[in-house]
Amino acid sequence: MNNFGDILIWLALFALSVSSAGYLVLCRKKEHKAALMAARIGFVSFAAFMTIASIHLMILILNHDFTYSYIVQYSSRDLSLEYLISSFWAGQEGSFLLWVLFGAWLGLLLMFRARKMEQHVMLIYNLNNIFLTILLIKQSPFSRLLFPPPDGQGLNMLLQDPWMVIHPPIVFLGYAAFAVPFAYAVTAMWKKEYDAWIKPTLPWTLFAFVTLGAGIIIGGYWSYKVLGWGGYWGWDPVENASLLPWLLIIALIHGMVLQNKRKKLYKTNFILAVSSFILIIYCTFLTRSGVLADFSVHSFVDLGITGWLVLFILAFLIIAFGLFFLRLKDMPASKKGDKINFLSREFGLISAIILLCVSTILIGLGTSAPLITRLLEKASKVSMQYYVDTTLPLGILIAFVLSIFPLMTWGKNSFSKLTPRLIFVIVCASVSGIITLVSGYRGIGVLLFSLFAGAATCINFFLAAQLIRKKIMFSGAAIAHLGVGLMFVGFVASSVYDSSDKALLKQDKAQNIMGYEFTFNTPEFLKEGKGFRLSLPLNVKKGESQFAALPDIYAEPGSNGQTNRFIHPHIQRGLLADLYIAPVNYDSGKKESGFNKQIILKKDDTIQLQNYELTFTGFEVSSMMGAADSENKDMAVSANILASYKGGDPVNLKPVIIMGRTKSPSGNVKLPGPKEAYLDLARIDATTKSIILVYHEHPDAASEEDAATLASLLIDVSVKPGMTLLWAGVFSLLLGGSIANVRRS
């Protein structure tokens with residue numbers, strides 16, 4: 001069904017094709033004013049159409065237009081403004097639109113910064129956007145429904161977090177930026193200008209590194225803060241999918257610096273620029289083709305674009321490496337006899353590039369295991385231990401490189417001149433090793449990692465301080481390397497030296513757990529959105545200090561008829577360690593506690609629930625005038641329920657949902673009988689004539705027939721040292737990349 005949104009996307013594709021045709025003419029004939037005007041106007045029009053399409057989708061979401069399938073799937077009337085906005089990119093179709101939108105905006109800047117290379121760079125860049133726009137047409141967020149529901153399914157509760165509002169846009173901004181180094185690299189092959197592309201590309205490469213890195217780190221922080229499992233990186237295949245191109249872009253940055261300074265790695269840098277971009281598409285294929293559906297909680301289902309993604313990968317591989325092999329004989333090579341000294345900054349950069357590439361290959365093999373094993377036999381994935389065993393030795397070597405080679409200058413270094421600095425390295429490593437051994441010996445691998453991570457942190461802190469005093473613009477690399485050292489120390493401390501324990505707390509009774517005194521106070525039962533939130537207040541004491549912790553459990557009916565349950569931990573942050581408190585299970589102490597019990601009924605169904613008999617007899621729909629004008633109407637949908645208590649006279653109850661501009665919450669109704677028990681109408685399905693009700697009791701309203709036992713809470717308590725160092729490290733890493741970007745720009 002054609003609609004305004006789809007028309008805009010088709011117009012964007014047409015404008016992009018005009019732009020590409022104009023740039024193709026310019027590639028053959030440099031001076032052609034008409035072609036240049038057509039190319040630029042075409043791209044500006046493409047960016048304009050994509051911007052209007054994005055604004056159009058956002059307006060549809062904010063106005064709750066449930067005639068669109070995408071809006072039904074990812075939004076609902078009860079969402080707050082920030083989560084309504086984030087529902088734009090909650091699904092595959094919207095995230096592809098966001099990706100193309102950022103590509104269009106970055107292209108406007110690229111068009112006027114590429115200068116003499118504009119026609120070639122923009123033509124290659126346009127090809128990427130053409131493919132993405134075709135994917136967007138194939139799976140459009142503007143698909144219409146013949147029979148729209150009164151409300152949407154809403155946004156997954158795990159995504160209703162401020163960090164997940166900003167995480168996807170930052171990631172897709174990074175994805176869009178990866179196309180720029182690729183376009184410049186292919187242009188260099190095309191025009192045989194093997195040096196000219198490095199300087200204009202380096203700022204874009206640093207920008208891609210910072211943006212995608214920020215997205216990865218925000219995702220890790222969200223996992224730590226929201227999911228309740230206590231970790232920040234689980235080696236999930238979808239998590240790895242963003243990490244792989246990011247590792248290669250870091251290798252490319254180091255290679256570009258070496259080519260710019262020492263005229264080396266011409267072929268390597270081209271391969272890195274192409275491979276990092278291809279990895280973006282390949283990892284998109286992995287996460288959106290359904291290959292990882294059984295192996296990752298983050299994976300998308302296959303929407304029928306798998307073939308297009310494979311074609312996308314093959315097309316760019318053929319274009320890039322076809323040119324590479326054509327130009328292979330013409331590309332500069334290192335001069336004979338021009339050997340790299342082991343005591344030089346060049347050797348450190350090459351070592352870092354090799355280690356990052358090997359890391360990418362090993363992590364990539366683990367991430368691709370479900371695809372590889374599916375081709376050979378039954379699909380399966382590697383264990384987390386695989387990643388630990390493969391990345392720990394590489395981490396040790398990277399930390400070693402970071403603790404030695406930043407001290408060296410370009411060209412040959414004298415060992416005698418390095419000796420005073422190497423003594424400083426040994427002292428730093430020794431201090432780090434002693435602290436590690438005092439904390440407990442965990443194996444030679446952990447000890448070596450700690451030694452060199454500590455040394456890398458101290459050395460790069462010293463270098464960063466020196467460079468900041470001279471000129472802050474030259475301190476970017478040292479600050480970034482300091483961040484890596486701090487991250488490594490944080491990795492070791494938080495993953496190897498953490499401790500945890502589970503305990504069952506009885507209400508109002510103090511209990512000692514891991515040196516802390518916990519008291520479980522009266523819980524609070526709250527209606528929120530489509531579900532219920534159980535707030536679980538705790539008083540925590542250690543010595544003279546104490547604080548209030550407020551973890552909670554949220555439950556809501558899911559689209560599959562099951563109840564979705566979400567745990568929100570409490571994190572008490574400290575300078576040396578975090579105290580992580582995650583609720584595992586709550587028991588009200590009643591017989592058959594009715595906390596958020598979900599009931600699915602079709603018309604004329606009768607069920608027995610505890611001492612109640614419930615019969616669903618039908619719907620009632622009514623319209624109410626909105627406050628502003630007669631055109632703004634709210635709609636009240638109620639379900640007629642006949643309810644009787646212990647065989648008594650039935651009472652007609654009408655739980656209701658009010659839908660419209662006022663965004664009123666659903667109303668609950670009290671069931672007959674002595675208990676404080678209620679029914680909420682959570683969802684209706686007019687096509688199957690069924691409803692989802694939620695039965696709940698107030699936690700403090702147990703009747704005499706209930707067992708009068710104390711409420712209890714099972715909690716998981718963890719002490720996680722080094723988390724402050726970890727977050728400081730990732731901030732320092734991105735800060736250093738940003739400073740370097742400003743300098744190179």
Side-chain angles (χ1 to χ4, degrees), residues 16 19-20 23 27 43 99-100 102-111 113-114 117-133 135 171-212 241-242 244-256 259 265-285 309 311-327 331 353 356-357 360:
L16 196 56
S19 175
S20 301
Y23 280 124
C27 289
F43 193 87
W99 188 350
V100 179
F102 284 148
W105 289 352
L106 290 179
L108 291 174
L109 183 60
L110 176 64
M111 184 166 58
R113 293 198 64 174
M117 304 175 83
E118 179 187 341
Q119 59 267 39
H120 296 82
V121 168
M122 289 302 297
L123 179 59
I124 301 300
Y125 189 76
N126 279 356
L127 289 179
N128 170 59
N129 286 299
I130 285 172
F131 268 100
L132 289 175
T133 306
L135 292 180
V171 168
F172 283 106
L173 181 59
Y175 278 11
F178 268 69
V180 179
F182 172 80
Y184 269 109
V186 174
T187 297
M189 292 297 107
W190 189 348
K191 298 185 68 178
K192 299 184 181 181
E193 295 179 357
Y194 307 114
D195 277 313
W197 72 288
I198 295 297
K199 283 188 178 181
T201 309
L202 189 50
W204 289 100
T205 310
L206 287 162
F207 178 76
F209 156 71
V210 171
T211 49
L212 184 56
S242 296
L244 293 171
W246 191 59
L247 291 174
L248 276 196
I249 210 76
I250 298 173
L252 176 60
I253 291 168
H254 289 80
M256 287 176 140
Q259 182 175 339
L265 303 185
Y266 290 90
K267 300 178 184 70
T268 301
N269 286 334
F270 174 81
I271 292 171
L272 288 173
V274 170
S275 300
S276 59
F277 171 73
I278 295 296
L279 268 180
I280 290 285
I281 311 304
Y282 172 70
C283 291
T284 301
F285 158 74
L309 287 168
L311 179 63
F312 197 169
I313 294 169
L314 291 175
F316 280 107
L317 280 174
I318 292 168
I319 291 169
F321 285 102
L323 272 172
F324 176 71
F325 288 114
L326 282 174
R327 301 288 191 253
M331 295 180 72
I353 292 167
L356 287 165
C357 290
T360 304

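Heads up: numbering here begins at 1 and tracks the sequence.
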With sequence neighbours left out, what residues match Tyr125 under side-chain hydrogen bond (donor to acceptor under 3.5 Å, both in side chains)? none
Hey, could you give me the CG/OG distance between Leu127 and Ser20, rounded to the nearest 0.5 Å? 6.0 Å
Over all heavy atoms of both residues, which pair between Pro181 and Ala177 is shortest? Give the atoms and the distance, please. CD-O, 3.1 Å
In Å, rounded to the nearest 0.5 Å, how long is the span from CE of Met256 to OG1 of Thr201? 4.5 Å
Considering only heavy atoms from C-beta outward, does the side chain of Ile249 approach that of Leu212 to under 4.5 Å? no
Atom pairs and distances, side-chain donor-acceptor, residues 274-282, under 3.5 Å, sequence neighbours left out:
{"residue": "Ser275", "atom": "OG", "partner": "Ile271", "partner atom": "O", "Å": "2.7"}
{"residue": "Ser276", "atom": "OG", "partner": "Leu272", "partner atom": "O", "Å": "3.0"}
{"residue": "Ser276", "atom": "OG", "partner": "Ala273", "partner atom": "O", "Å": "3.0"}
{"residue": "Tyr282", "atom": "OH", "partner": "Ser368", "partner atom": "OG", "Å": "2.6"}

As a quick check of understanding, evaluate side-chain hydrogen bond (donor to acceptor under 3.5 Å, both in side chains) for Ser242 and Tyr175, giving each step before the final call. CA-CA 9 Å; Ser242 296; Tyr175 278 11; 3.2 Å; yes
Is Asn269 reaching over with its side chain to a backbone N or O of Gly255, donor-acceptor style, under 3.5 angstrom? yes
Taking C-beta and beyond as the side chain, do Trp190 and Leu123 meet within less than 4.5 Å on heavy atoms? yes
Heavy-atom check, side chain of His120 versus side chain of Tyr184, under 4.5 Å: no
Search all heavy atoms of Thr360 against all heavy atoms of Leu356 and return the closest pair with its distance. OG1-O, 2.8 Å
Atom CZ in Phe209, atom CG in Leu247: separation rounded to 0.5 Å? 10.5 Å
Would you indicate whether the side-chain heavy atoms of Val121 and Trp197 approach each other to under 4.5 Å? no
Find the distance between CG (Leu132) and CG (Asn128) and round it off to the nearest 0.5 Å. 4.5 Å
Phe270 and Arg327: side-chain contact (heavy atoms from CB on, under 4.5 Å), yes or no, with the steps? CA-CA 11 Å; Phe270 174 81; Arg327 301 288 191 253; over 6 Å; no
Validation row: Val186, Phe182 side chains within 4.5 angstrom (heavy atoms): yes
Can you see which heavy atom on Ile124 is nearest to which on Ala183, and at what distance? CG2-CA, 3.7 Å
Are Met331 and Met189 side-chain neighbours, meaning at least one heavy-atom pair lies under 4.5 Å? yes
Smallest separation among heavy atoms of Asn126 and Ser19, with atom names: ND2-OG, 3.1 Å
Roughly how far, to the nearest 0.5 Å, is CE of Met122 from CG of Leu110? 5.5 Å
Using residues 311-319 as the side-chain source, report each donor-acceptor pair under 3.5 Å to any protein atom, sequence neighbours left out, with the distance given to one decimal.
none

Could you pull out all residues at least two apart from Phe43 that satisfy ring-ring contact (aromatic ring centres under 6.0 Å, His included)? Phe46
According to the salt bridge (Lys or Arg N to Asp or Glu O under 4.0 Å) rule, which pairs have a member within residues 173-192, sequence neighbours left out? Lys191-Glu193, Lys192-Asp330
Any side-chain heavy-atom pair from Phe131 and Leu309 closer than 4.5 angstrom? no
Shortest non-hydrogen contact between Ala241 and Cys283, atoms and distance: O-SG, 3.3 Å
What I'd like to find out is whether the side chain of Leu135 reaches to under 4.5 Å of the side chain of Trp99, using heavy atoms alone. no
For Ala251 against Ile353, the heavy-atom pair lying closest together: O-CG1, 3.6 Å
Apply side-chain contact (heavy atoms from CB on, under 4.5 Å) to residues Leu106 and Trp204 and explain how you reach the verdict. CA-CA 10 Å; Leu106 290 179; Trp204 289 100; 4.1 Å; yes
Residue set satisfying ring-ring contact (aromatic ring centres under 6.0 Å, His included) with Tyr194, at least two apart, ordered chain then number -> none
